[in-house]
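First comes the structure, then the notes that go with it.
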There are 2 protein chains.
Amino acid sequence: MGSGRPTIHDVAARAGVSKSLVSLALRGSPRVSEESRAAILAAAADLGYRPNAAARSLAVRRSRTVGVLILDLHNPVFPEILDGVQDALRTNGFSTMLVTGGSDPALQQSEVESLLQFQVEGLILISHRLAPEVLRAIAAEVPTVVVTRSDVPGTRIDTVSNDDLVGAGLAVDHLVALGHRRIACLSGGDNPVSRARVQGYETAMERHGLGRLVRTVPGGLTDTAGHDAARSALGTGTGPAPTALFVANDMAALGAVAAVQELGLRVPDDVSVVGYDGIAMGGLRSVDLTTVAQPLGEMGETAARSLIHRIEHPRARARHVTLTPRLAVRGTTAPVAAAGS
Amino acid sequence: MGSGRPTIHDVAARAGVSKSLVSLALRGSPRVSEESRAAILAAAADLGYRPNAAARSLAVRRSRTVGVLILDLHNPVFPEILDGVQDALRTNGFSTMLVTGGSDPALQQSEVESLLQFQVEGLILISHRLAPEVLRAIAAEVPTVVVTRSDVPGTRIDTVSNDDLVGAGLAVDHLVALGHRRIACLSGGDNPVSRARVQGYETAMERHGLGRLVRTVPGGLTDTAGHDAARSALGTGTGPAPTALFVANDMAALGAVAAVQELGLRVPDDVSVVGYDGIAMGGLRSVDLTTVAQPLGEMGETAARSLIHRIEHPRARARHVTLTPRLAVRGTTAPVAAAGS
DNA sequence: CACGATCGTTGGAACGTTCCAACAGGGAAA
DNA sequence: TTTCCCTGTTGGAACGTTCCAACGATCGTG
């Protein structure tokens, strides 16, 4: 007593009832008389009583908390997914414990470890870098949902991702409809997501009878990677320059736009650029990037709902949800210039 | 046993020792014999034992966890502060519990409430919207540090912020050195931070003998607010147009850049623009915004260190740290055009 | 008028950990 | 030999909550 936070015992003593009744009353049980309830509530308010979540979770053996591991808060894609996650969790009475592990797999693993020590009931991994066997071991202990990647083996792990093949097709369709034919693809490097986007691009080009004009330039997922890839795509010596660029993600697309401008060309008059992701920043007036927008918030919500389902039905089979992206047409695409340059 | 996670008792049974000795061994006490230690470690590994943080925190009455409330993960300033916070906390053996409350004060309060239920030992508020009396009540219960705002009353709350007056001065000095005289300020609206930046602008203008040319245009902290404010600043009818804009933050500055271009003017040839904050996105090639950069990571680290100090010395007085920003000169500022337009 | 049912209330056990006082055994000192 | 002190180990209490079996009082019913 006295020292430290007030406990349920202190409230009981002040209200003149037993600790059990306080517990009942505070959780809104109907079988508590009106007077007792009023006295207890008053006592709790007087003392500034606040339930101890650690003690509760110990007693009920449930923490009502889920852990979220996020790769990198700097890439604006992730906060938007997170919004959806938190909304859905909150409305279902779960708390969120958020950690970031950077891109270091070991650090990520230790962060997940500490989430598990806190007895989280489930895990949402927003774009992790964990080794497959580590991931599998984790998923064996606690329901796990992976967002953004769908290359996860095993049936104990739910996944939520967007359909990169369809998305890349949307971009190509849009450009073709604007009259473009020489459409280059700046790839995002050697990871499953980027590979799928490149493949979607190639398939769509074939579908439009442009298979011979397929041109994929190796790149990466950052600003500078996009910049460099665009320079090499537009560089001289390799036949006629492309009139449009499909870039693996928005960050790289922004770099590509800068490169185009540095080369003395205009976007979109001389070269159209389409990104991928739909980050909010792409919608800023001074950026105004045409892009394939993933339903980021919806992906987050879906992930949270899948997880809750698995928590409530531990024997349920894993679900793999693929959502469909949509094209956001903005200012970096335009009909192909009348005269070939 | 059997069902659920293995506990310290299971480990003890398997290693053939008492639970107390397991506890000792796992925490690395020197007074455990080598054989016992080895047997215990082996048993723990076999069972996949993981300590229960809730039970520990109940027993030792310390959670070794700090709560972090972040206003908005979408504004890129905050993740960068957060990086510094997490680094410093991690190296001092604290876990982080991160929540976001959006801009709704009630929601923020309930998120803080749930942090307190988890028995966090301290709180870092990265730009909150809590009412002063709520804030004070919270700080009375648990050590609290506020980052970004320095207008907090009471001596029980530490603050970490940057010196907005000096920062605004840096921007004005830079523009004046480039030959600009008609420098307008696009304000960030009615909040303490924005007011300080405007005041710093005015003071600096006076200092350069440009007091008569002070011109403050009401604006806000978003892309569109900056856009609209820039349009009205550059609009006709109010004497000669400014040749440079000092904008309350980077997001608004990006909107201002877009507005300048829409008006058929070039940045920086016709109009120079300086932002404030130093978000990473401002450094992207296609953006390349000159700005007053706050030492964001350092602010986060300082906040974490202040908090840890207060946790370890509960009677310590609150510290109010003000860090100095630096100017990042990039592509949106240039010498004033030779001929007045 | 005794009986069981209902209502509101209660103490004790449990959750998994840490801490503390106390233990046995062996060696050194008396 | 007895005493004392180490070293390594142990059981029980505590942390703050929830759950459960059981309590006494009041009520209606036969």
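Throughout, protein chains are lettered first and strands after them, A, B, ... in sequence-line order, and every chain is numbered starting at 1.
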Between side-chain atoms of residues 312-319 of chain B and protein atoms elsewhere (two or more places apart, or another chain), which donor-acceptor pairs fall under 3.5 Å?
from   : atom 1 : to     : atom 2 : distance (Å)
B:H313 : ND1    : B:H309 : O      : 3.2

query: Which letter, B, S or -, goes with each nucleotide of nucleotides 21-27 of chain C from 5' to 3', with contact meaning a protein heavy atom under 4.0 Å?
result: -------
query: Can you give one letter per nucleotide of nucleotides 11-16 of chain D, 5' to 3': B if a protein heavy atom sits under 4.0 Å from the base, S if only from the sugar-phosphate, - if neither?
result: BB--BB
Say whether, by atom type as modelled, one donor and one acceptor occur between the side chain of [X] and the main chain of [Y] under 3.5 angstrom.
{"X": "A:D72", "Y": "A:H74", "answer": "yes"}
{"X": "B:R37", "Y": "B:S29", "answer": "yes"}
{"X": "A:T302", "Y": "A:G300", "answer": "no"}
{"X": "B:D87", "Y": "B:G84", "answer": "no"}

What heavy-atom pair brings [X] and [Y] nearest, and what distance separates the two atoms?
{"X": "B:A88", "Y": "B:I308", "answer": "O-CD1, 4.2 Å"}
{"X": "B:T100", "Y": "B:E111", "answer": "O-CG, 4.0 Å"}
{"X": "B:P143", "Y": "B:L307", "answer": "O-CD1, 3.5 Å"}

query: Which residues in residues 23-38 of chain A have at least one heavy atom lying under 4.0 Å from any atom of DNA chain D?
result: A:S23, A:R27
query: Listed by chain and number, what are the side chain to side chain donor-acceptor pair (under 3.5 Å) partners of B:S36, not counting sequence neighbours?
result: B:S33
B:D158: partners by side chain to side chain donor-acceptor pair (under 3.5 Å), with sequence neighbours left out: B:R310
- request: Could you name each residue pair satisfying salt bridge (Lys or Arg N to Asp or Glu O under 4.0 Å) that touches residues 40-50 of chain B, not counting sequence neighbours?
  value: A:E113-B:R50, A:E141-B:R50, B:R14-B:D46
- request: State which residues pass salt bridge (Lys or Arg N to Asp or Glu O under 4.0 Å) with A:R305; sequence neighbours excluded, sorted by chain then number.
  value: A:E301
message: Could you work out, with salt bridge (Lys or Arg N to Asp or Glu O under 4.0 Å) as the rule, every residue matching B:E133, not counting sequence neighbours?
response: none
Side chain to side chain contact (heavy atoms under 4.5 Å, CB included) involving A:S18 - partner list, sequence neighbours excluded: A:S20, A:L21
- prompt: Taking atom C1' of D:dT17 as reference, at what distance in whole Å does atom CZ of A:R62 sit?
  reply: 16 Å
query: What is the bend of the helix from C:dC1-D:dG30 to C:dA30-D:dT1 when you compare the axis at one end with the axis at the other, using five pairs each and rounding to 10°?
result: 70°
query: Going by distance alone, is a donor N or O of one side chain under 3.5 Å from an acceptor N or O of the other, for A:S57 and A:R61?
result: no
Could you write out each protein N or O paired with an N or O of nucleotides 21-27 of chain D at a distance under 3.5 Å?
none

